[in-house]
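Source: prediction; values computed, not measured. Whatever order the structure lists ligands and atoms in, that order sets their numbers, starting from 1.
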Amino acid sequence: MAPQLDSYFKQVDTLAESFIDRLRKAVAIPSISAADEHRPDVVKMGEFLASELRNLGAHVELRPLGKQPHKEHLELPPVVVARYGEDPKKRTILVYGHYDVQPALKEDGWATEPFTLSVDDKGRMYGRGSTDDKGPVLGWLNAIEAHQKAGVDFPVNLLMCFEGMEEYGSEGLDDFINEEAKKFFKDADAVCISDNYWLGTEKPCLTYGLRGCSYYSIEISGPGQDLHSGVFGGTAHEPMTDLVRVMGTLVDTAGNILIPGINDLVAPMTDDEKSLYGGIAFTMDNLYESLGSKTGLFADKERTLMGRWRYPSLSIHGVEGAFSAPGAKTVIPAKVVGKFSIRTVPDMEIEDVDKLVYDHVNKAFAALGSKNNMKVWLQHAGKWWVASPKHWNFTAAGKAVERVWGVKPDLTREGGSIPVTLTFEQATGKNVLLLPMGSSTDAAHSINEKLDKRNYIEGIKLLGAYLHYVAEEPTNEA
Ligand SMILES: C[C@H](N)C(=O)N[C@@H](Cc1c[nH]cn1)C(=O)O
Ligand SMILES: [Zn+2]
Ligand SMILES: [Zn+2]
């Protein structure tokens, strides 16, 4: 295997500029799943992937998912499924990624145009979706191309599943995966997802856990239309005032969730688990670097990692309908919708969390004595996931990391969510591995999202090396 991998690695280096160019084309498509007006761009991005895959000789299908729930005027973007290789003597690996991105506007504070890939002199490639998740998705395509051009036999059969709604809760994909588990995905021996990040900037990791995400809206309305605060202020119940007060009962400044009963759903810490955190290569400086400040909640790395991985958190994201532009507008908004989410952990069940949230929000609003109307609902939910890192899928990935990066990876959990990870595990009955490409400073979801050239190019080598090691790793189904 060694000489073959060396030729593959050399070819990746030779093709580096054209791989960056492929990323440039992908970033230029603003495939924002949360914005209705960008739905054609999401579809365009799916078609771009399909066309690149066809050019590489893969069998590709664009599968429709039907109408978007609660937005029946919108068609969901297609799932791009593809197969490369059909050799019964080889293992089959199913990879998943997403081609949609979070919203981004230059005026949010980006230093460069978010949908133009801008590479600086340190090799930082800025652009929305560069690290989450277009770079990693293209990593699989690039790995195929580099094998072809190096004349190295592709070591596995590759099944691919790329979706366009991950950043909006993977609408429609659970049913699709369950349906296809015994059809398009039936040959899969293991699953690999590259859609999260290293803990720092130097040490790669393999990830075996994710938090879940339950995303809620609270709508408060009253007046028939927006009002002049000079004329109506002091005469009517104001929706925004009520909303701020209700949202203020959810979480405190120290990050404690104030909804009664939520913390009782969390699995207790065991001594075994406690002993894991000290050995992880992560420092408070890693946190401060990726935070861009020293505003961490905890003084030590262990409690910080626990806060990210194994305890729930509640974040307040924004208010629809409220005045948010610069300047001073003296309006009383007639209807406002507050958005917040809870990152969930073992053993929290989605329905139990919903019930506690609804009871609490209803009580908090009733306590205000307001004549306004209030509604609270769940927008989407994905469950947490924790897997066994002792499986051959992880062993193979560990060897690939050592080969490419020269160090043993850390075994980590992730604070973010990839809702379909658990679905893949349950529907296929196969082990799922998360193999991140990007680093902690990539600022996914934030302004100035980037992927370092080094992580992209070495990451392409890593994905290819993983496929070689996974092809030859002896079976152990731990
Ligand atoms: C970790 C992954 N790259 C990601 O960003 N996931 C999103 C998924 C999500 C959950 N609700 C909406 N999107 C995340 O963790 O926010
Ligand atoms: Zn992602
Ligand atoms: Zn994301």
Check: Is NZ or CZ of Arg83 both nearer than 6.0 Å to the six-membered ring centre of Phe184 and within 45° of the ring axis?
Finding: yes
Next item on the list: Report the part of Arg343 (side chain from C-beta onward, or backbone N, CA, C, O) that has a heavy atom under 4.0 Å from ligand 1; answer both or neither where that applies.
Entry: side chain
Check: Between Glu167 and His445, do the side chains contain an N or O donor and an N or O acceptor separated by less than 3.5 Å?
Finding: yes
Checklist line | contact_flag His445 ligand 1 heavy-atom lt 4.0 Å | finding: yes
Check: Taking the non-hydrogen atoms of Asp132, is any one of them nearer than 4.0 angstrom to ligand 1?
Finding: yes
Check: How about the Zn ion (ligand 2), which protein N, O or S atoms come within less than 2.8 Å?
Finding: His98 NE2, Asp132 OD1, Asp195 OD1, Asp195 OD2
Item checked: Ionic contact status for Lys430 with Glu425, cut-off 4.0 Å -> no
Notebook entry, point to check: Can you find a side-chain donor-acceptor pair between Glu61 and His59 that sits under 3.5 Å?
Noted result: yes
Margin query: Whether Arg24 and Asp21 form a salt bridge (side-chain N of Lys/Arg under 4.0 Å from carboxylate O of Asp/Glu) is what I want to check.
Written below: yes
Margin query: Assess the residue pair Ser33 and Asp100 against the criterion (side-chain hydrogen bond (donor to acceptor under 3.5 Å, both in side chains)); give the C-alpha distance rounded to whole Å, side-chain angles, the decisive distance to 0.1 Å, and a yes or no.
Written below: CA-CA 6 Å; Ser33 46; Asp100 62 320; 2.6 Å; yes
Note to self: Nearest N/O/S atom of His445 with respect to the Zn ion (ligand 3), by atom name, please.
What the structure shows: NE2
Margin query: Distance alone, cut at 3.5 Å: any donor-acceptor contact between the side chains of Asp442 and Thr131?
Written below: yes
Notebook entry, point to check: Under 4.0 Å between a Lys/Arg side-chain N and an Asp/Glu carboxylate O for Glu349 and Lys383?
Noted result: yes
Next item on the list: Before signing off on this row, confirm whether Glu166 and ligand 1 have an N or O atom pair separated by under 3.5 Å.
Entry: yes
Item checked: Protein residue, atom and distance nearest to atom 11 (N) of ligand 1, heavy-atom basis -> His380 NE2, 3.1 Å
Checklist line | Closest protein heavy atom to atom 7 (C) of ligand 1, given as residue, atom name and distance to 0.1 Å | finding: Ser417 O, 3.3 Å
Check: Would you call Arg124 and Asp452 a salt bridge, using N to O less than 4.0 angstrom?
Finding: no
Margin query: Could you tell me, atom by atom, which parts of ligand 1 come under 4.0 Å of a heavy atom of Gly416?
Written below: 15 (O)
Notebook entry, point to check: Contact between Asp195 and ligand 1, counting heavy atoms under 4.0 Å?
Noted result: yes
Margin query: Under a 3.5 Å threshold, yes or no: a donor from one side chain and an acceptor from the other, between Ser118 and Thr116?
Written below: no
